[in-house]
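I am attaching a structure below and will ask some questions about it afterwards.
In listed order, ligands and their atoms are each counted from 1. Quick caveat: nothing in here was measured; it's all calculated off a predicted structure. Numbers here are sequence positions counted from 1.
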Amino acid sequence: MNAETFRGDVAIVTGAASGIGAATAKMFAALGAKVILTDIDQVRGAQVATEIGEAARFVAHDVSDGCDWKAVITVAEDSFGPVSILVNNAGVAPAPTPLQELNEADYRRVIEINQLSCFLGMKAAAPSMIARGGGAIVNVSSVAGLKAERGAIAYTASKFAVTGMTKVAALDLARDKIRVNSVHPGLVDTPMVRPEGGDAAFAPILQFASGLPIPRPGMPDEIANVIVFLASESASFLTGGSYAADGGWTV
Ligand SMILES: NC(=O)c1ccc[n+]([C@@H]2O[C@H](COP(=O)([O-])OP(=O)(O)OC[C@H]3O[C@@H](n4cnc5c(N)ncnc54)[C@H](O)[C@@H]3O)[C@@H](O)[C@H]2O)c1
């Protein structure tokens, strides 16, 4: 891949203010795409877009809000033209809570941000992609979309749903030349897994990672590489797939 790989492409990356989303937005821009970065964190989102420069625009966006999605597509089309790539990356991972202690409102919020968002995003972006003659969608699920983790019922439900929704969308959109795949990160060193309290609080997470086949956390670029590949023409025969990027955790 080089600076021409995504020339002419318009990519939307949600949750692009931080972690995997920020790394992905920067990588798309470096490879020639125009990028719409979205996030609820307006300060950091705008900062990342400024770092990228002319090829980027930031849009304040709550991914669980259907009206917000319409505005994002409008900004993308008005700024750069029809959308060709969508990365549904924004997400939340609440602290582990046993099933009997989790309340309904907290459960619903995780489902809305991690799961409903993917439905709203794919539905909103598809007409733009169809008008352009096709496109690619990458949904960021998790190892929690492939295997269960204790104390994570809402997160696991939301990420298994993303795995399944990806496959249905791949079937529904195949004839429109839109490919849809999911990526399943393992433990990745982003603010999501770095508890407040600095290195001491991160130590148990590093300890857990040291027991994995690749005995360390992944870095955001190592997930962005997979997302960008799935969005590229190099992945032209891939749709409906679930791709673990987890250092062997689920092996
Ligand atoms: N870091 C990991 O170990 C890991 C593992 C598996 C899956 N993932 C998944 O990767 C994705 C990115 O996570 P990350 O690790 O980069 O986390 P992160 O916390 O660094 O970034 C997530 C971003 O999503 C944004 N966001 C949260 N709620 C939002 C909303 N309602 N609307 C718009 N934006 C919102 C946040 O502001 C933040 O910028 C998530 O879907 C996460 O579930 C991460």
Side-chain angles (χ1 to χ4, degrees), residues 12-27 36-49 58-69 71-72 86-96 106 108-121 124 137-149 152 154-163 165-166 182-196 202 204-206 208-209 212 214 216-227 242-247 249-250:
I12 296 172
V13 181
T14 70
S18 175
I20 294 167
T24 301
K26 288 177 184 172
M27 202 174 282
I36 299 290
L37 297 89
T38 88
D39 208 290
I40 40 166
D41 184 338
Q42 300 191 29
V43 174
R44 289 171 66 195
Q47 243 166 28
V48 178
F58 172 72
V59 185
H61 177 207
D62 179 344
V63 288
S64 65
D65 182 322
C67 293
D68 271 15
W69 270 107
V72 168
L86 168 65
V87 182
N88 279 316
N89 165 76
V92 288
D106 289 346
R108 285 185 187 275
R109 190 67 192 135
V110 173
I111 298 298
E112 285 187 4
I113 296 173
N114 292 358
Q115 174 186 339
L116 178 66
S117 61
C118 288
F119 164 69
L120 294 174
I137 298 172
V138 181
N139 293 322
V140 180
S141 176
S142 169
V143 292
L146 300 170
K147 66 190 281 292
E149 286 301 325
Y155 187 74
T156 304
S158 71
K159 294 300 189 178
F160 263 80
V162 172
T163 308
M165 290 160 73
T166 298
S182 58
V183 172
H184 302 258
L187 189 60
V188 184
D189 189 351
T190 72
M192 182 175 275
V193 298
R194 278 218 176 242
E196 284 172 20
F202 194 50
I205 292 168
L206 284 177
F208 170 78
L212 298 175
I214 296 178
R216 62 170 176 82
M219 297 308 291
D221 270 353
E222 294 181 298
I223 309 304
N225 278 329
V226 182
I227 295 171
S242 316
Y243 298 93
D246 64 354
W249 186 352
T250 49

- Task: Using side chain to side chain contact (heavy atoms under 4.5 Å, CB included) as the criterion, point out the one residue from Val13, Thr166, Ile227 that pairs with Val138.
- Result: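 Single pass found, and it is Ile227.
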- side chain to side chain contact (heavy atoms under 4.5 Å, CB included) partner of Ser242, chosen from Asn139, Thr163, Val183: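 Of the listed residues Asn139, Thr163, Val183, the side chain to side chain contact (heavy atoms under 4.5 Å, CB included) partner of Ser242 is Thr163.
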- Query: Are Pro191 and ligand 1 in contact, using a heavy-atom cut-off of under 4.0 Å?
  - Reply: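 Under 4.0 Å: yes for Pro191.
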- Task: Compare Ala245, Ala93, Ser18 and give the one whose heavy atom is closest to atom 18 (P) of ligand 1.
- Result: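 Minimum heavy-atom distance to atom 18 (P) of ligand 1 goes to Ser18.
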- Proximal candidate to atom 41 (O) of ligand 1 [heavy atom criterion; set Ile113, Leu37, Asn89, Ile223]: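 Among Ile113, Leu37, Asn89, Ile223, the closest heavy atom to atom 41 (O) of ligand 1 comes from Asn89.
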- Task: Mind listing the closest non-hydrogen atom pair of Val193 and Val188 along with its distance?
- Result: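 Between these two residues, the closest heavy atoms are CG2-O, 2.9 Å.
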- Query: Where does Arg44 meet ligand 1, judged by heavy-atom distances below 4.0 Å: at the side chain, the backbone, both, or neither?
  - Reply: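 For Arg44, no heavy atom sits under 4.0 Å from ligand 1.
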- Task: Give the contacting part of Asp62 toward ligand 1: side chain, backbone, both or neither, where contact means a heavy-atom distance below 4.0 Å.
- Result: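 Both of them.
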- Would you call Gly45 a ligand 1 contact, heavy-atom distance under 4.0 Å?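 Contact absent.
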- Candidate with minimal heavy-atom separation from atom 2 (C) of ligand 1, of Val188, Thr38, Ile227: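 Minimum heavy-atom distance to atom 2 (C) of ligand 1 goes to Val188.
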Solution key, residues 15-24 side-chain donor-acceptor pairs under 3.5 Å, sequence neighbours excluded:
| from | atom 1 | to | atom 2 | distance (Å) |
| --- | --- | --- | --- | --- |
| Ser18 | OG | Arg44 | NH2 | 3.4 |
| Thr24 | OG1 | Ile20 | O | 2.7 |

- Message: Please tell me whether Phe119 and Trp69 form a close aromatic pair, meaning their ring centres lie under 6.0 Å apart.
- Response: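 Ring centroids of Phe119 and Trp69 are no less than 6.0 Å from each other.
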- Query: Just going by heavy-atom distances, which of Asp68, Val193, Val140 is nearest to atom 10 (O) of ligand 1?
  - Reply: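 It is Val140 whose heavy atom sits nearest to atom 10 (O) of ligand 1.
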- Message: Side chain, backbone, both or neither: which applies to Ser141 and ligand 1 if a contact is any heavy-atom pair less than 4.0 Å apart?
- Response: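 For Ser141, only backbone atoms sit under 4.0 Å from ligand 1.
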